[in-house]
Protein chains: 2
Amino acid sequence: MAAQDADIFDDMRHRLITGEFGYGTKLRAEKLRHDYNCSASTVREVLFRLSTVGLVEFQEQRGFRAPVQSVERQHELTHMRILLETEGACLSIRMGGVEWESRLTAAHHKLSHIETRVRSSGDLIPLLGLWSRAEQEFHETLIDACGSGLLMRTHAVIYEQFRQQLVSAETNYGYFPENIREHQAILDAALQRNEDLMRVCVNDHLARNLTRPMPRKAQPEALGKSSAI
Amino acid sequence: MAAQDADIFDDMRHRLITGEFGYGTKLRAEKLRHDYNCSASTVREVLFRLSTVGLVEFQEQRGFRAPVQSVERQHELTHMRILLETEGACLSIRMGGVEWESRLTAAHHKLSHIETRVRSSGDLIPLLGLWSRAEQEFHETLIDACGSGLLMRTHAVIYEQFRQQLVSAETNYGYFPENIREHQAILDAALQRNEDLMRVCVNDHLARNLTRPMPRKAQPEALGKSSAI
DNA sequence: TACGCGCAAAATTTCGAAAATCAAAGAAAA
DNA sequence: TTTTCTTTGATTTTCGAAATTTTGCGCGTA
């Protein structure tokens with residue numbers, strides 16, 4: 001029985017991202033232990049580890065619960081993703097080589113293939129799992145030549161919470177055509193190595209998740225950027 | 001006894017930030033339990049929670065250890081701090097009111113007072129605790145009108161790790177005069193509500209940590225055998 | 001000498017129950 | 001009726017030991 005803990009962790013993560021638990025629900029170790037027939041302590045540990053990546057919230061003396069969904073939270077997650085992903089993508093442009101380009105192209109190809117199938121079928125749901133993984137891989141590849149493991153790990157954490165928020169919204173197809181175009185635009189910006197364009201593309205792609213726009217200055221993105229790592 | 005867990009957490013955090021544990025040292029619950037006389041499980045939990053904020057690293061089936069110090073890590077932390085803090089500060093300028101200005105001024109005043117004392121005595125060490133808290137409060141106040149709890153929490157996590165990295169370097173006084181000037185400049189930028197200037201100031205203030213090499217030797221027993229400190 | 005195998009010690013994880021803490025319902029006082 | 005106190009039930013935290021996994025070391029073999 002190897003790595004029981006890890007299995008439970010993965011399964012719980014899946015259940016959380018999938019939205020199985022109502023947002024804000026209390027996650028009681030004593031209940032959950034039956035799903036995996038293990039002890040409560042083991043579940044407790046898993047919950048701690050899930051809180052490490054922001055998928056559950058922990059409060060001293062009052063246990064764990066699934067995070068509450070709210071417009072504010074959604075906005076904060078989106079905003080943070082924009083911040084991290086534009087930075088990561090621009091750094092990748094600066095530091096990544098042909099090898100990065102090719103990996104990104106590959107990831108995009110896979111994603112694109114799935115998205116085309118979705119478009120022609122008109123129904124996202126049966127391919128949701130596949131698409132979800134492919135999108136994640138594309139976005140992770142986009143920033144993975146940035147040279148900062150910390151940036152990537154932080155982004156991964158935000159990304160998962162973001163996905164947790166969106167899971168219900170995504171299932172109703174909605175903005176798929178735009179999605180396809182935007183992913184293409186991001187790939188193009190990368191291959192052109194155009195950082196400013198990249199900023200715009202990433203922003204457009206993600207900003208749709210803002211029902212209410214973040215307060216922004218009228219003037220375009222400032223030029224004085226932070227120095228490279 | 002109330003909140004035993006929390007006490008241990010705070011104490012361990014302090015010990016970690018203080019650099020008491022050699023970087024990369026294994027943190028064995030079985031050893032640590034004697035320091036607090038509690039069970040190993042309790043220590044284990046605390047370690048999990050510390051890993052939530054990046055102060056210790058956890059690896060499946062091979063326990064916990066204090067993070068290894070390295071130039072790369074230092075650079076990644078610095079870079080991330082710049083990213084988060086410029087964004088947070090600019091958002092605060094955009095969204096914060098007079099009330100924010102006054103809080104920031106207050107925090108700066110406290111910090112400034114301590115820094116002046118340090119300068120005239122020429123020795124940081126006796127005031128290190130005070131100064132450290134004041135600096136943290138200043139930087140936290142700087143971004144605390146940004147409107148995103150997520151941004152602030154993320155920044156707090158990075159900040160602590162950053163401090164953990166610097167703890168030894170800070171104690172040798174070094175760049176104090178510049179520090180004073182830079183904190184003033186940041187306050188000025190805030191009161192002028194000049195975002196571009198703010199970006200420059202925050203960048204200058206933090207970027208100094210990019211060139212400075214790590215002043216600490218690698219821990220010989222970091223991997224493999226036990227041989228505690 | 002180098003390499004692989006297996007045993008023993010050390011470290012980590014898991015367990016079920018006891019102890020501590022919190023929250024809700026009910027009783028007593030105003 | 002409202003407020004405050006107390007008891008009771010539920011939940012969370014802590015414990016020490018047993019089960020599992022990793023690691024270190026010695027031994028035999030090429």
Side-chain angles (χ1 to χ4, degrees), chain A residues 1-13 15-16 20-68, chain B residues 1-13 15-16 20-68 218-229:
Chain A
M1 244 64 90
Q4 167 154 43
D5 204 73
D7 293 338
I8 302 179
F9 181 88
D10 288 338
D11 189 66
M12 277 296 293
R13 177 168 68 180
R15 293 171 77 181
L16 282 162
E20 175 177 329
F21 302 103
Y23 301 102
T25 332
K26 261 192 143 232
L27 301 170
R28 248 179 291 273
E30 204 44 58
K31 304 269 188 211
L32 257 17
R33 72 175 244 145
H34 296 300
D35 296 1
Y36 301 100
N37 78 293
C38 65
S39 86
S41 326
T42 303
V43 175
R44 186 179 168 79
E45 251 196 46
V46 168
L47 289 174
F48 262 118
R49 292 170 61 182
L50 285 165
S51 81
T52 297
V53 290
L55 253 27
V56 311
E57 281 164 2
F58 167 76
Q59 262 192 311
E60 181 109 9
Q61 300 286 19
R62 64 195 51 175
F64 304 86
R65 55 181 57 220
V68 275
Chain B
M1 292 308 158
Q4 168 153 41
D5 203 73
D7 294 339
I8 302 180
F9 181 88
D10 289 339
D11 190 66
M12 278 296 294
R13 177 169 69 180
R15 292 170 78 182
L16 283 162
E20 175 179 329
F21 302 103
Y23 300 101
T25 341
K26 264 194 140 226
L27 269 17
R28 247 180 295 273
E30 204 44 57
K31 303 268 187 206
L32 257 16
R33 76 177 237 135
H34 296 300
D35 297 0
Y36 302 101
N37 75 296
C38 65
S39 87
S41 325
T42 303
V43 175
R44 185 179 169 79
E45 252 196 45
V46 168
L47 289 174
F48 262 119
R49 293 171 60 181
L50 285 165
S51 80
T52 297
V53 289
L55 254 26
V56 311
E57 281 164 2
F58 168 75
Q59 261 193 310
E60 181 109 8
Q61 299 285 24
R62 65 194 51 172
F64 304 86
R65 55 181 58 216
V68 275
Q219 205 76 10
E221 63 89 27
L223 310 159
K225 195 55 175 74
S226 47
S227 89
I229 300 276

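We use all heavy atoms of the structure for the numbers below, so side chains are in, but hydrogens, waters and symmetry mates are not. Lettering follows sequence order; numbering is per chain, from 1.
- In this structure, A/Asp5 atom CG and C/dT14 atom P are separated by 4 Å, rounded to whole Å.
- Atom CZ in A/Phe64 sits about 9 Å away from atom P in D/dT12, given to the nearest Å.
- Under the ring-ring contact (aromatic ring centres under 6.0 Å, His included) criterion, A/Phe21 pairs with no residue, sequence neighbours left out.
- Counting any heavy atom pair closer than 4.0 Å across all strands shown, A/Lys26 reaches sugar-phosphate atoms only and no base atom.
- Within 4.0 Å of B/Phe58, counting heavy atoms only, lie sugar-phosphate atoms of the nucleic acid but no base atom.
- Using bins of under 30°, 30° to 60° and over 60° for the plane-to-plane angle, the ring pair B/Phe48/B/Phe64 lands in the perpendicular bin.
- With axes fitted over five pairs at each extremity, the angle between the ends of the helix from C/dT1-D/dA30 to C/dA30-D/dT1 is 20° (10° resolution).
- Here B/Glu60 pairs with A/Arg49 in a salt bridge; the nearest charged N to carboxylate O distance falls below 4.0 Å.
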What protein N or O atoms touch nucleotides 16-19 of chain D N or O atoms at under 3.5 angstrom, if any, and at what distances?
unit_1 : atom_1 : unit_2  : atom_2 : d
D/dG16 : O6     : B/Ser41 : OG     : 3.0

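- Here B/Arg62 does not reach the OP1 or OP2 of D/dT22: none of its side-chain N or O atoms lies under 4.0 Å away.
- Classification of A/Arg44 and A/Glu30 as a salt-bridged pair fails, no side-chain N sitting under 4.0 Å from a carboxylate O.
- Sequence neighbours left out, not one pair with a member in residues 26-45 of chain A passes ring-ring contact (aromatic ring centres under 6.0 Å, His included).
- By the salt bridge (Lys or Arg N to Asp or Glu O under 4.0 Å) test, B/Asp35 is found to be paired with B/Arg15, residues two or more places apart in sequence or in another chain being considered.
- For the segment residues 43-55 of chain B, residues with any heavy atom less than 4.0 angstrom from an atom of DNA chain D are, sorted by number, B/Glu45.
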